[in-house]
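Everything quoted here is computed from the prediction, not taken from an experiment. Proteins come first, then strands; the chains are lettered A, B, ... in the order of their sequence lines, and each starts at number 1.
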Protein chains: 2
Amino acid sequence: MKREESTNSCTLNTAVENCFQTLTDDEMLLLENNLVVVNYKKGEILCKQGTLASHIMYICNGLVKIYMESEAGSLILKVLPAGNLIGLSALLDNNNIFRYSAYAYQDCKLRLIDIRVFKQLIRQNNSFANQVINLLCENQIQTQTRFFAFTQKQSFGRIADTLMCLSNNIFKMDEFELPLSRKELAELTGLTPESVIRILSKFKNDRVIEIDGKVFKIINKKKLQQISEYG
Amino acid sequence: MKREESTNSCTLNTAVENCFQTLTDDEMLLLENNLVVVNYKKGEILCKQGTLASHIMYICNGLVKIYMESEAGSLILKVLPAGNLIGLSALLDNNNIFRYSAYAYQDCKLRLIDIRVFKQLIRQNNSFANQVINLLCENQIQTQTRFFAFTQKQSFGRIADTLMCLSNNIFKMDEFELPLSRKELAELTGLTPESVIRILSKFKNDRVIEIDGKVFKIINKKKLQQISEYG
DNA sequence: TATAAGACATGATATAGATCAATAAATATG
DNA sequence: CATATTTATTGATCTATATCATGTCTTATA
């Protein structure tokens, strides 16, 4: 009997690749004619929460954070590598507003797709619309699962979960250089920077991970997984 | 200049009503021929997290909780009154699984729409697909906003927020009988039942609300709003 | 290269909210 | 109707994590 899937906070979208494959040659041409490729430098803002979304953005390469902000503080909703879309929830009719901001962790190349063209494609190509629905479902499930994990896990579990996620889904390696500050790790886990540092030190002392500045190496994945589930 | 919208956790879906209006007479007939109307009694489970979703459910009347559960505990994702759909995120192709459970707070009448028919309608009617996309966007924004509010507000703010939401969006009255136990109020706010009780008592003493068992009355809405924002 | 500014680290302390314990009230059940 | 069971409430205590303080290390900048 299959073991119940653990409550982790990280599931990447599988449907993006299928999305554009549904387009006809004509539609592909329409798309190409209505997109701009823009290079962003590390540290630049890609879109700002609350502003009008004139484009849906596709990440060709680079690493991006999606986050919500208020006077009180920020929450990083997700970290997105190449191959993902930014701004889908701005498709909402009569309300094309970015509900979050995006920031480039690394130099990024983005395709900015005119949102009107994106909507037109949804209206004229059912398979495309269906794939967009798939994407939105995945996003929804991901956000919910992450939200649930947040309410169930405490600090150690959240950090472990986050490290597992970064390793498995973003970098796909046990060793990786993480372009997030400790403060940002805090915003990703809902903790304070001090707490993050203490927990990372604990993991290091317990020989679960190795850390050298921004380079993380997971040396006891099983243990980390346990902490993520029961810590 | 318009004041920035506050970080509350409650936005109801406006698009459901538009959704089925897009269907042609033939499609409406197809829908009618492939749905069952089922009455559920108060306390019954409408769908169970992890099970195959054979239907999308429309709430004709009653009040429903949508929640995620694990051995560790539960989180109420939202409370849905009549006019809403349950199970949209199960539309994901090749993965028609309910990602949450649903429970009837009151006697409910639901229309169970065969998920294959629902998907067929998405494929054959672009306007319908577009409205489903709108719905999914709204859900996504709602979940994100609630998640963000959870990470920013502490106990008093969360309870105030929840009461405002129930009053404004669910019952649309300042006085309402709430069919949730204190334990469920805890699962809705991510606190313990004891904390919920203490905070409600505080609100009562401060003459912000009146409580008599399950009947709540908001007597100082402005104050409650303030607590929700800055508490 | 010096100096400033930010990031990282660690210890001491404070506190919000959980946990535990003990009734009381409400609801269910034989 | 009496008894059992669940739910609500209140108080005492504990603890996870935030906050505050201080110092070092690293990176930017003049």
Side-chain angles (χ1 to χ4, degrees), chain A residues 41-44 65 72-76 103 105-106 149-163 177-206 209-216 227-228 230-231, chain B residues 41-44 65 72-76 103 105-106 149-163 177-206 209-216 227-228 230-231:
Chain A
K41 290 234 168 297
K42 176 183 166 177
E44 288 183 339
K65 78 164 164 179
S74 295
L75 170 72
I76 299 180
Y103 167 97
Y105 278 132
Q106 306 166 343
F150 250 64
T151 64
Q152 303 294 319
K153 291 184 207 285
Q154 40 193 24
S155 60
F156 284 76
R158 284 195 208 169
I159 300 272
D161 182 12
T162 300
L163 291 175
E177 185 174 347
L178 189 69
L180 313 220
S181 67
R182 303 294 191 254
K183 178 161 174 290
E184 277 173 316
L185 268 176
E187 286 171 5
L188 190 56
T189 52
L191 303 169
T192 56
E194 293 95 325
S195 293
V196 170
I197 287 165
R198 271 183 257 269
I199 291 162
L200 288 177
S201 300
K202 180 72 165 42
F203 285 175
K204 195 176 173 183
N205 282 334
D206 294 352
I209 60 173
E210 276 170 10
I211 320 172
D212 182 17
K214 295 204 172 301
V215 178
F216 289 72
I227 298 170
S228 166
Y230 310 105
Chain B
K41 290 233 168 297
K42 176 181 168 177
E44 288 183 337
K65 79 164 163 178
S74 294
L75 170 72
I76 299 180
Y103 166 98
Y105 278 132
Q106 307 166 344
F150 250 64
T151 64
Q152 302 294 318
K153 291 185 208 286
Q154 39 193 25
S155 59
F156 283 76
R158 285 194 208 169
I159 300 272
D161 182 11
T162 300
L163 290 175
E177 185 174 348
L178 189 67
L180 314 220
S181 68
R182 302 294 190 253
K183 177 159 175 290
E184 277 173 316
L185 228 28
E187 286 171 6
L188 189 57
T189 52
L191 303 169
T192 57
E194 293 94 327
S195 293
V196 170
I197 288 166
R198 270 182 258 269
I199 292 162
L200 287 177
S201 301
K202 180 73 165 42
F203 285 176
K204 195 177 174 183
N205 281 334
D206 294 352
I209 58 173
E210 276 170 11
I211 321 172
D212 182 17
K214 295 203 173 301
V215 178
F216 289 71
I227 298 170
S228 166
Y230 310 105

Check: Under 4.0 angstrom, heavy atoms only, what part of the nucleic acid is B:Thr192 near: base, sugar-phosphate, or nothing?
Finding: base
Check: Would you say B:Leu188 and B:Val196 make side-chain contact, with heavy atoms under 4.5 Å?
Finding: no
Checklist line | Separation between CG of B:Asp161 and CZ of B:Phe156, rounded to the nearest 0.5 Å | finding: 14.5 Å
Notebook entry, point to check: Under 4.0 Å between a side-chain N or O of A:Ser201 and OP1 or OP2 of C:dT10?
Noted result: yes
Checklist line | For atom NZ of B:Lys204 and atom P of D:dT9, their distance in whole Å | finding: 7 Å
Item checked: Within-4.5 Å side-chain heavy-atom neighbours: B:Pro179 and B:Lys214 -> no
Note to self: In this structure, how many angstroms lie between the C1' atom of C:dA16 and the CZ atom of B:Arg158, rounded?
What the structure shows: 11 Å
Notebook entry, point to check: Rounding to a whole Å, what distance do you find between B:Asp212:CG and D:dT9:C1'?
Noted result: 15 Å
Check: Nearest of D:dT19, C:dA9, C:dG17 to any side-chain atom of B:Ser195?
Finding: C:dG17
Notebook entry, point to check: What does the inter-axis angle of the helix from C:dT1-D:dA30 to C:dG30-D:dC1 come out as, five pairs per end, nearest 10 degrees?
Noted result: 40°
Next item on the list: Mind checking A:Lys214 for me? I need base, sugar-phosphate or nothing, with any heavy atom below 4.0 Å counting as a touch.
Entry: sugar-phosphate
Item checked: Candidate nucleotides D:dT19, C:dA9, D:dT17, ranked by approach to the side chain of A:Leu191 - the nearest -> D:dT17
Notebook entry, point to check: For A:Lys183 and D:dT19, what is the distance between atoms NZ and P respectively, to the nearest whole Å?
Noted result: 13 Å
Checklist line | Rounded distance (nearest 0.5 Å) linking atom CD1 of A:Ile197 with atom CG of A:Leu191 | finding: 11.5 Å
Notebook entry, point to check: Between D:dT19, C:dA9, C:dG17, which one does the side chain of A:Arg182 approach most closely?
Noted result: C:dA9
Checklist line | B:Lys204: side-chain contact (heavy atoms from CB on, under 4.5 Å) partners, not counting sequence neighbours | finding: B:Ile211
Margin query: Starting the side chain at C-beta, find the nucleotide from C:dT19, D:dC20, C:dC8 nearest to A:Glu194.
Written below: D:dC20
Note to self: Can you tell me if B:Ser155 touches the phosphate of C:dG17, counting only side-chain N or O atoms and a distance under 4.0 Å to OP1 or OP2?
What the structure shows: yes
Check: Looking at D:dA12, C:dA9, D:dT19, which one has an atom nearest to any side-chain atom of A:Arg198?
Finding: D:dT19
Item checked: Contacts of type side-chain contact (heavy atoms from CB on, under 4.5 Å), residue B:Glu184, not counting sequence neighbours -> B:Lys65, B:Ile76, B:Tyr103, B:Tyr105, B:Leu180, B:Ser181, B:Glu187
Next item on the list: Evaluate the criterion side-chain contact (heavy atoms from CB on, under 4.5 Å) for residue pair A:Ile227 and A:Ile159; output intermediate values, then yes/no.
Entry: CA-CA 9 Å; A:Ile227 298 170; A:Ile159 300 272; over 6 Å; no
Check: Rounded to the Å, how far apart are B:Ile197 CD1 and C:dT19 P?
Finding: 14 Å
Next item on the list: Specify the separation, in whole Å, of atom CZ of B:Phe156 and atom P of C:dG17.
Entry: 8 Å
Item checked: 5' precedence on DNA chain D between A:Gly190 and B:Ser181 (nearest-nucleotide basis) -> B:Ser181
Next item on the list: Calculate the interatomic distance between A:Lys202 atom NZ and D:dT17 atom P; express it in whole Å.
Entry: 13 Å
Check: Quick one: OG1 on A:Thr189 to NZ on A:Lys153, what's the gap to the nearest 0.5 Å?
Finding: 13.0 Å
Next item on the list: Take atom CD of B:Glu184 and atom C1' of D:dT6, then tell me their distance rounded to the nearest Å.
Entry: 13 Å
